[in-house]
Amino acid sequence: MFEKGEFVIFETVGVCRVADINTVDMKGVDAKKLFYFLEPVGLRGNRFYIPVEDHTSFLRKLVSREEASALLKEVKELGMLPIPDHKHREESYKAALKSCDCREWMKMFHTLYRKKAELTLRGKKLPAMDTRYLKLAKDCLFTELSLALGETEAKLEDQVGADLLTDHQVGHETA
């Protein structure tokens, strides 16, 4: 069970704070049933209600400082997200997000970051769908790492971005 005030990962939403653990006053809901009241870190004013027991939603604790540090050390080794072809890339992005796995989020970020860098060099922009998924990957990944490591999201993104482009010549691996 999670505690009030704790940060958790909630499915494709990313980092949420457990604002409360309480009952809800809704028609058809057992008045004694407890719910997590989750507030997404990046979406002010939004709130999700997830049953404490018997929920089908994926909730997990944030990675530890040690796990986050280890992830940053293996950025290059993780590689990119396998995408079978251009038409199925959204399915790959959705699966990576839904996994709630930092390594999958890092692969997705790597894939889209490199693709954006390559397109920028050619004077082109990242397609809207890819831009949307890049933002989601960044929000999920760097918010969690920021909380675990006590660093700003921007600093971590810059560090990872520099690591991803170091030792690789942009233009040879395209997602």
Side-chain angles (χ1 to χ4, degrees), residues 2-3 5-19 36 38-44 46 48 57-84 88-122 125-127 129-175:
F2 300 108
E3 303 294 325
E6 186 174 4
F7 288 99
V8 297
I9 298 297
F10 171 49
E11 290 197 349
T12 59
V13 175
V15 179
C16 295
R17 186 178 66 81
V18 179
Y36 293 119
L38 302 178
E39 294 178 344
V41 170
L43 301 169
R44 300 259 184 238
N46 289 324
F48 297 95
S57 303
F58 187 88
L59 292 172
R60 72 163 169 83
K61 290 184 174 279
L62 266 63
V63 294
S64 68
R65 180 177 198 80
E66 294 76 23
E67 291 167 323
S69 293
L71 178 65
L72 291 177
K73 288 177 184 170
E74 63 178 307
V75 166
K76 291 179 192 176
E77 290 78 33
L78 287 174
M80 297 196 298
L81 198 62
I83 298 175
H88 293 94
R89 69 190 197 282
E90 186 170 22
E91 292 171 18
S92 297
Y93 300 156
K94 284 180 179 179
L97 281 174
K98 192 156 179 71
S99 74
C100 294
D101 181 341
C102 285
R103 283 172 174 70
E104 292 301 306
W105 294 344
M106 185 66 81
K107 289 178 190 178
M108 185 170 146
F109 176 76
H110 184 174
T111 302
L112 292 166
Y113 187 85
R114 293 284 305 274
K115 183 175 184 177
K116 182 178 179 179
E118 290 171 358
L119 289 172
T120 300
L121 283 175
R122 297 190 319 219
K125 291 185 176 183
L126 194 62
M129 181 187 68
D130 293 329
T131 299
R132 184 174 75 247
Y133 281 101
L134 177 58
K135 181 182 180 340
L136 288 168
K138 283 171 33 174
D139 290 348
C140 289
L141 178 63
F142 294 114
T143 302
E144 181 170 10
L145 293 178
S146 171
L147 288 167
L149 296 169
E151 296 285 349
T152 66
E153 292 174 42
K155 180 179 179 182
L156 291 168
E157 182 182 343
D158 289 346
Q159 176 187 340
V160 169
D163 286 349
L164 291 176
L165 296 180
T166 303
D167 299 333
H168 288 94
Q169 184 178 4
V170 175
H172 293 293
E173 294 179 43
T174 306

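Just so you know, these numbers use all the heavy atoms, side chains as well, and skip hydrogens, waters and symmetry mates.
Two residues are said to be in side-chain contact when any heavy atoms from C-beta on lie closer than 4.5 Å; Lys138 and Leu134 meet this criterion. Taking the side chain as every heavy atom from C-beta outward, His88 and Ile83 never approach each other to under 4.5 Å. Residues Leu81 and Tyr93 meet the side-chain proximity criterion, which asks for heavy atoms closer than 4.5 Å. Leu38 is listed as a side-chain neighbour of Val18, based on a closest heavy-atom distance under 4.5 Å. Looking at Pro82 and Ser92, their side chains never come closer than 4.5 Å, going by heavy atoms from C-beta outward. At a threshold of 4.5 Å between non-hydrogen side-chain atoms, the residues Asn46 and Glu39 do not count as touching. Side-chain atoms of Met106 and Glu74, non-hydrogen and from C-beta on, never get closer than 4.5 Å to each other.
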Test side chain to side chain contact (heavy atoms under 4.5 Å, CB included) applied to Lys61 and Val8, step by step: CA-CA 5 Å; Lys61 290 184 174 279; Val8 297; 5.7 Å; no
Steps toward side chain to side chain contact (heavy atoms under 4.5 Å, CB included) verdict (Lys135, Thr131): CA-CA 6 Å; Lys135 181 182 180 340; Thr131 299; 5.9 Å; no
Salt bridge (Lys or Arg N to Asp or Glu O under 4.0 Å) between Glu104 and Lys107, worked out: CA-CA 5 Å; Glu104 292 301 306; Lys107 289 178 190 178; 3.2 Å; yes
Stepwise side chain to side chain contact (heavy atoms under 4.5 Å, CB included) test for Glu153 and Thr143: CA-CA 6 Å; Glu153 292 174 42; Thr143 302; 3.3 Å; yes
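Each of Lys116, Arg132, Arg89 was scored for a side-chain contact (heavy atoms from CB on, under 4.5 Å) with Pro127, with one residue passing: Arg89.
Taken from CG in Leu71 to CG in Leu141, the straight-line distance is 6.5 Å, to the nearest 0.5 Å. To the nearest 0.5 Å, atoms NE2 (His110) and CG (Leu164) are separated by 4.5 Å. With values rounded to the nearest 0.5 angstrom, Leu78 atom CG is found 14.0 Å from Lys73 atom NZ. With rounding to the nearest 0.5 angstrom, the CZ atom of Phe58 is 5.0 Å from the SG atom of Cys100. One distance of note links CG of Leu112 with CG of Asp130; it measures 5.5 Å at 0.5 Å rounding. Remark: Cys140 SG to Met108 CE distance equals 8.0 Å, nearest 0.5 Å.
A salt bridge links Arg60 to Glu144: at least one charged side-chain nitrogen sits closer than 4.0 Å to a carboxylate oxygen. Salt bridge annotation for Glu118-Lys115: absent, with no cationic side-chain nitrogen under 4.0 angstrom from a carboxylate oxygen.
When all heavy atoms of Arg65 and Leu149 are compared, the pair lying nearest together is NH1-O, 3.1 Å. Of all heavy-atom pairs between Cys16 and Pro40, the closest is SG-CA, 3.6 Å. Of all heavy-atom pairs spanning Val63 and Ala148, the tightest one is O-CB, 3.5 Å.
Relative ring orientation between Phe109 and Phe142 is described as perpendicular, the plane-to-plane angle rising above 60° on a 0-90° scale split at 30° and 60°.
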